[in-house]
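Sharing a structure here in structure tokens format.
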Amino acid sequence: MLKGQKTSIRPIEEDDIDTMYPWYNDQEVNLWSSGAWPLNTLQSKDQLALKFLDGSPDIYRYVILDENELLIGTLGFKEVNIPAQSVALFVVIGNKTYWGKGYGTDALITFSRFLFTQWNFHRISLDTWDGNIRAIRAYEKVGFKIEGRQREARFVLGNYHDAILMGLLREEFFSLHGKL
Ligand SMILES: CC(C)(COP(=O)(O)OP(=O)(O)OC[C@H]1O[C@@H](n2cnc3c(N)ncnc32)[C@H](O)[C@@H]1OP(=O)(O)O)[C@@H](O)C(=O)NCCC(=O)NCCS
């Protein structure tokens with residue numbers, strides 16, 4: 001278990017699916033996380049379990065717990081590029097009552113440290129869309145920088161939005177948050 005200030009992180013387990021199920025059928029959660037609502041409609045628990053537990057071996061999934069070890073979100077990494085030591089990160093705090101209270105930033109700092117120290121990655125990438133100010137702000141607090149913008153690459157609630165590409169290098173992270 002990885003320990004942050006407010007959150008802990010552990011690999012996803014089968015019993016987590018029941019808690020996660022409502023998040024992935026929630027319009028608001030999907031809107032912010034994919035920036036492409038309506039994207040998926042009512043997934044069954046079986047579909048969700050298949051995606052999260054038996055999915056691609058190239059996607060590494062974990063869950064985020066609060067101070068009382070209540071499951072509040074998921075995160076993980078994919079697109080591992082061995083020669084470049086780079087990886088793409090994704091995160092969703094599915095329990096909406098936890099938004100804007102620092103849990104996402106804390107989980108991202110904890111997880112980024114794990115990726116830089118234990119996995120020896122050199123670079124972490126992620127992307128979001130220009131309307132997701134809360135996510136961009138949280139990523140910036142972790143140390144991510146905006147590196148690019150794909151014009152009108154997302155379609156959200158009837159309007160085109162730019163995709164925002166962000167990146168974080170290991171030394172930048174260590175200078176902001178320390179190595180341990
Ligand atoms: C994105 C997410 C992980 C961030 O985690 P969080 O715990 O909510 O974020 P934090 O509280 O750590 O930080 C959010 C920051 O954005 C700021 N913020 C929130 N809404 C804002 C707004 N409309 N304008 C400006 N700043 C805003 C907060 O004040 C805070 O910054 P501060 O600490 O400097 O005050 C979480 O909100 C989430 O999972 N949302 C739904 C799914 C999603 O968007 N996933 C990301 C897909 S790319």
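From a predicted model like this one, the values you see are computed outputs, not experimental measurements. FYI, the numbering just counts along the sequence from 1. In each ligand, atom 1 is the first atom listed, and ligand 1 is the first ligand listed.
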With Lys179 via salt bridge (Lys or Arg N to Asp or Glu O under 4.0 Å) - residues at least two apart
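Expected list: none.
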
Can you establish whether the number of heavy atoms outside Gln5 located under 6.0 Å from its atom CD is more than 12?
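Result for CD/Gln5: open.
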
List below, pair by pair, the N or O atoms of ligand 1 and of the protein that are less than 3.5 Å apart, including the distance to 0.1 Å; reply 'none' if no pair qualifies.
| residue | atom | partner | partner atom | Å |
| --- | --- | --- | --- | --- |
| ligand 1 | 7 (O) | Tyr103 | N | 3.4 |
| ligand 1 | 7 (O) | Gly104 | N | 2.7 |
| ligand 1 | 8 (O) | Gly100 | N | 2.7 |
| ligand 1 | 11 (O) | Lys101 | N | 3.1 |
| ligand 1 | 11 (O) | Gly102 | N | 2.7 |
| ligand 1 | 12 (O) | Thr105 | N | 3.1 |
| ligand 1 | 12 (O) | Thr105 | OG1 | 2.4 |
| ligand 1 | 13 (O) | Lys141 | NZ | 3.2 |
| ligand 1 | 33 (O) | Lys141 | NZ | 2.6 |
| ligand 1 | 34 (O) | Arg137 | NE | 3.1 |
| ligand 1 | 34 (O) | Arg137 | NH2 | 3.2 |
| ligand 1 | 37 (O) | Arg134 | NE | 3.0 |
| ligand 1 | 39 (O) | Ile93 | N | 2.6 |
| ligand 1 | 44 (O) | Asn132 | ND2 | 2.8 |
| ligand 1 | 45 (N) | Val91 | O | 3.2 |

Assess whether side-chain contact (heavy atoms from CB on, under 4.5 Å) is satisfied between Met166 and Leu89, documenting all intermediate values.
CA-CA 10 Å; Met166 301 183 76; Leu89 185 150; over 6 Å; no

Linking directly or through intermediates, with side-chain heavy atoms under 4.5 Å: list the remaining ILVMFWY members grouped with Ile133, chain and number order.
none

Plane angle bin for Phe173 and His177 - parallel if under 30°, tilted between 30 and 60°, otherwise perpendicular
tilted

Can I get a per-line list of side-chain donor-acceptor pairs under 3.5 Å for residues 70-87, giving both atom names and the distance, sequence neighbours left out?
| residue | atom | partner | partner atom | Å |
| --- | --- | --- | --- | --- |
| Thr74 | OG1 | Tyr24 | OH | 2.9 |
| Asn81 | OD1 | Ala84 | N | 3.1 |
| Gln85 | NE2 | Asn120 | O | 2.6 |

